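Working notes, beginning with the structure itself.
Below, chains carry the letters A, B, ... as their sequence lines are ordered, and counting in each starts from 1. Since the structure is predicted, the reported quantities are computational estimates derived from the model, not experimental observations.
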Amino acid sequence: MKFQAPKGVSEYFPQRSGAFERVRATLITAAATSGYQLIELPVFEDTELFARGVGESTDVVSKEMYTFEDRGGRSITLRPEGTAGVMRAVIEHNLDRGQLPVKLWYSGAFFRAERPQAGRYRQFYQVGVEAIGYDDPEIDAEVIAMADRGLRELGLKSFRLELTCLGDLASRQAHRIDLDKFISGLELDEATRAKAALNPLRLFDDKREAIKSAMLNAPILLNYLSAESRANFEKVQALLESFGVPFTINERMVRGLDYYTGTTFEFVHEMLGAQSGIGGGGRYDGLMSQLGGADLSGIGYGIGIDRVLLACEAEGIELQAISPLEIFVIALGSAEKEYVAKLINELRGAGISSDMAYGDRGLKGSMKSADKSGARYSIVVGSDELVSGSAQLKDMKTGESQSVMLSSLPQILRRSS
RNA sequence: GUGGGCGUAGCUCAGCUGGUAGAGCACUCGGUUGUGGUCCGAGAUGUCGCGGGUUCGAGCCCCGUCGCUCACCCCA
């Protein structure tokens with residue numbers, strides 16, 4: 001039998017893996033340059049952590065988790081999102097005991113047992129951040145601006161940032177009562193009514209026209225915000241404006257995880273098809289205490305690397321690999337090959353990425369390999385070069401070459417890079 | 001879980017109302033002495049997803065099956 005990857009996973013191999021790596025690195029840099037530090041966590045956790053953290057009523061928990069029993073009879077789940085795990089680690093290791101806020105970033109694979117489609121995978125990759133311990137509007141703005149910076153750094157343009165505020169508990173409860181009342185007055189089929197019972201907000205992003213128009217007059221959460229929530233949200237908006245981060249208010253935005261409160265946002269790309277959300281996040285007030293920790297508020301986001309890469313491709317953005325080859329060396333005979341093997345070993349030791357032509361393909365074929373390797377320079381070593389110790393260093397972009405001493409290659413290349 | 005589309009060379013696909021397979025790209029070699037990206041020439045490559053059926057004959061028709069894909073749902 002011929003093995004195949006499990007259904008619906010995303011995989012990256014050369015050529016595309018270079019672009020994938022670039023996306024990940026760029027998003028990470030945006031976080032790291034804002035004082036966020038790496039937290040590396042397991043990809044599986046106690047099932048109960050997600051059930052309580054993400055919410056039993058969410059689709060993610062009720063039907064999309066990869067759950068299994070380990071050999072000790074424990075129920076284990078492959079992480080479907082990042083925030084719950086980070087909270088667990090912060091609580092378990094008392095990371096919130098020192099200075100606040102605690103600012104962390106993470107990157108890795110996440111798992112959801114959904115039906116795959118364009119931009120939706122069963123194993124997918126995210127870069128995420130969490131800022132825990134303060135609920136200043138400055139932090140909200142920082143987090144959002146960070147995500148925005150990462151995306152723009154990559155060259156993305158056709159996306160928008162949607163923003164809303166879910167308010168505090170009292171605001172949400174007041175709104176919920178009126179919304180339930182409104183929905184009970186609508187004529188709905190059974191499935192839709194069940195969906196509304198679980199989370200009435202979900203009707204706001206139903207794609208059916210009938211529901212859309214019915215919901216036009218539904219009570220809007222933003223109108224129920226307490227004075228404090230409102231002031232806070234306005235401050236966040238003012239800050240984003242001062243940063244030059246464009247956004248639109250989406251008073252009907254719905255997020256799929258139960259823990260969101262306060263400032264909530266989503267990055268939506270316009271050229272992607274059905275799965276157009278490339279990232280999103282928000283504030284979570286009660287999450288940490290609910291998981292047994294201190295009553296600290298936090299805010300974070302997750303950005304989908306797979307989807308951001310698709311977005312870059314849709315916009316025709318060419319992403320450079322992180323560490324392209326510096327030099328490709330061609331040996332013309334067997335004595336030369338031995339010499340070249342030693343030479344590139346030395347170059348690599350000096351931190352200069354280099355490769356050579358293997359086998360004996362002839363000069364033309366070897367030059368083709370050099371071309372495809374993407375190396376900045378190539379150099380040919382034949383019997384003449386072995387004797388004289390000098391060779392032609394060729395710039396692969398311009399086609400120009402210069403005579404150099406082989407022994408001084410490390411210095412020359414280091415200077416040019 | 002529910003629908004639609006599709007499975008032909010490594011990749012993207014063509015294959016007319018059934019007559020035992022083709023293109024482009026990629027790959028290898030070459031276009032006379034040691035320099036790639038363009039151009040030209042030559043070459044290699046397929047259990048036409050799998051199993052059954054109809055037929056003198058099936059890539060093409062029928063049934064089943066597996067897989068992929070897009071959408072619903074949901075979300076990164």
Side-chain angles (χ1 to χ4, degrees), chain A residues 1-10 13 15 23 27 54 57-65 79-83 107-128 147 151 191-192 194-195 198-199 202 205-208 253-257 266-269 272-281 300-311 328-333 336 357 359-375 377-385 391-401:
Chain A
M1 79 169 273
K2 198 174 173 189
F3 287 111
Q4 263 183 293
K7 191 184 182 71
V9 300
S10 63
F13 25 83
Q15 302 286 317
V23 170
L27 297 176
V54 180
S57 72
T58 60
D59 281 33
V60 168
V61 170
S62 63
K63 51 188 196 196
E64 296 170 1
M65 296 207 300
R79 61 183 183 188
E81 59 93 56
T83 305
S107 171
F110 295 85
F111 308 85
R112 292 211 258 246
E114 302 176 270
R115 206 50 176 263
Q117 79 188 68
R120 187 170 75 186
Y121 308 101
R122 292 185 168 179
Q123 173 172 336
F124 57 98
Y125 297 86
Q126 275 187 206
V127 171
L151 296 172
T192 311
K195 177 166 143 176
L198 224 50
N199 183 354
R202 295 226 189 134
D205 71 347
D206 201 295
K207 286 179 186 170
R208 291 168 293 183
M253 186 165 73
V254 181
R255 304 245 64 219
L257 312 180
E266 212 166 70
F267 290 89
V268 181
H269 195 90
L272 279 190
Q275 309 305 320
S276 56
I278 54 178
Y301 63 67
I303 299 184
I305 303 177
D306 313 88
R307 288 187 186 174
V308 170
L309 178 54
L310 288 171
F328 192 93
V329 190
I330 296 164
L332 290 180
E336 289 82 356
D360 33 16
R361 306 188 58 210
L363 184 57
K364 184 175 177 136
S366 297
M367 281 306 293
K368 278 193 165 183
S369 302
D371 189 41
K372 277 202 323 209
S373 76
Y377 297 103
S378 71
I379 201 161
V380 176
V381 176
S383 52
D384 293 355
E385 286 80 5
Q392 294 297 313
L393 180 67
K394 179 167 183 173
D395 184 313
M396 295 300 278
K397 265 227 178 71
T398 65
E400 288 162 12
S401 52

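Consecutive Watson-Crick or G-U pairing (both distances under 3.5 Å) extending over three or more pairs maps onto RNA chain B as B:1-7 with B:66-72, B:10-13 with B:22-25, B:27-31 with B:39-43, B:49-53 with B:61-65.
Of the P atoms belonging to B/C73 and B/G15, the separation is 34 Å, rounded to the nearest Å. For the P atom pair drawn from B/U65 and B/U20, the interatomic distance equals 32 Å after rounding to whole Å. Comparing the P positions of B/G24 and B/C68 gives a spacing of 31 Å, expressed to the nearest Å. B/A21 and B/U38 are spaced 33 Å apart, taking the P atom of each and rounding to whole Å. B/C25 and B/U45 have their C1' atoms separated by 14 Å, with the value rounded to a whole Å. B/A26 and B/U12 have their P atoms separated by 15 Å, given to the nearest Å. Rounded to the nearest Å, the gap between the P atom of B/G10 and that of B/G46 is 8 Å. B/G19 and B/C48 are spaced 16 Å apart, taking the C1' atom of each and rounding to whole Å.
Take A/Glu81 and apply the side chain to side chain contact (heavy atoms under 4.5 Å, CB included) test, not counting sequence neighbours, and it matches A/Phe50, A/Val54, A/Thr83, A/Ala84, A/Arg112, A/Leu257, A/Tyr259. Listed by chain and number, the residues in a ring pair (Phe, Tyr, Trp, His ring centres under 6.0 Å) with A/Tyr125 are A/Phe20 (sequence neighbours excluded).
For the pair A/Arg307 (side chain) and A/Gly119 (backbone), a donor-acceptor distance under 3.5 Å is present. Within the 3.5 Å criterion, the main-chain N or O of A/Leu272 finds no donor-acceptor partner in the side chain of A/Ser276. Distance alone, capped at 3.5 Å, is enough to place a donor-acceptor pair between the A/Glu336 side chain and the A/Ser383 backbone. At least one donor-acceptor pair closer than 3.5 Å links the side chain of A/Arg79 to the backbone N or O of A/Ala109.
No option in A/Val268, A/Val308, A/Asp306 other than A/Val308 meets the side-chain contact (heavy atoms from CB on, under 4.5 Å) test with A/Ile278.
Between A/Glu266 and A/Arg255 there is a salt bridge, since at least one side-chain N of the basic residue sits less than 4.0 Å from a carboxylate O of the acidic one.
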Quick tally for nucleotides 70-76 of chain B: nucleotides whose base has a protein heavy atom under 4.0 Å get B, sugar-phosphate-only ones S, the rest -, giving SBBBBBB
Criterion side chain to side chain donor-acceptor pair (under 3.5 Å) on A/Arg208 and A/Thr192, from CA distance to verdict: CA-CA 11 Å; A/Arg208 291 168 293 183; A/Thr192 311; 3.0 Å; yes
Apply the test side-chain contact (heavy atoms from CB on, under 4.5 Å) to residues A/Leu332 and A/Val380: give CA-CA distance (whole Å), side-chain angles for both, the deciding distance (0.1 Å), then the verdict. CA-CA 7 Å; A/Leu332 290 180; A/Val380 176; 3.8 Å; yes
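Protein atom CD of A/Gln4 is 17 Å distant from nucleotide atom P of B/G7, rounded to whole Å. Residue A/Met65 contributes atom CE, which lies 18 Å from atom P of B/G1 at whole-angstrom precision.
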For nucleotides 9-13 of chain B, tabulate all protein N/O to nucleotide N/O atom pairs closer than 3.5 Å, reporting atom names and distance.
none

Distances for protein N or O near nucleotides 32-41 of chain B N or O, under 3.5 Å:
from	atom 1	to	atom 2	distance (Å)
B/G34	O6	A/Asp384	OD2	3.4
B/G34	N1	A/Glu385	OE1	3.0
B/G34	N1	A/Glu385	OE2	3.2
B/G34	N2	A/Glu385	OE2	2.6
B/U35	O2'	A/Lys394	NZ	2.6
B/G36	N7	A/Lys394	NZ	2.8
B/G36	N1	A/Met396	O	2.5
B/G36	N2	A/Asp371	OD1	2.7
B/G36	N2	A/Met396	O	3.0
B/G36	N3	A/Asp371	OD1	3.2
B/G37	O4'	A/Asp371	OD2	3.3
B/G37	N2	A/Lys397	O	3.3

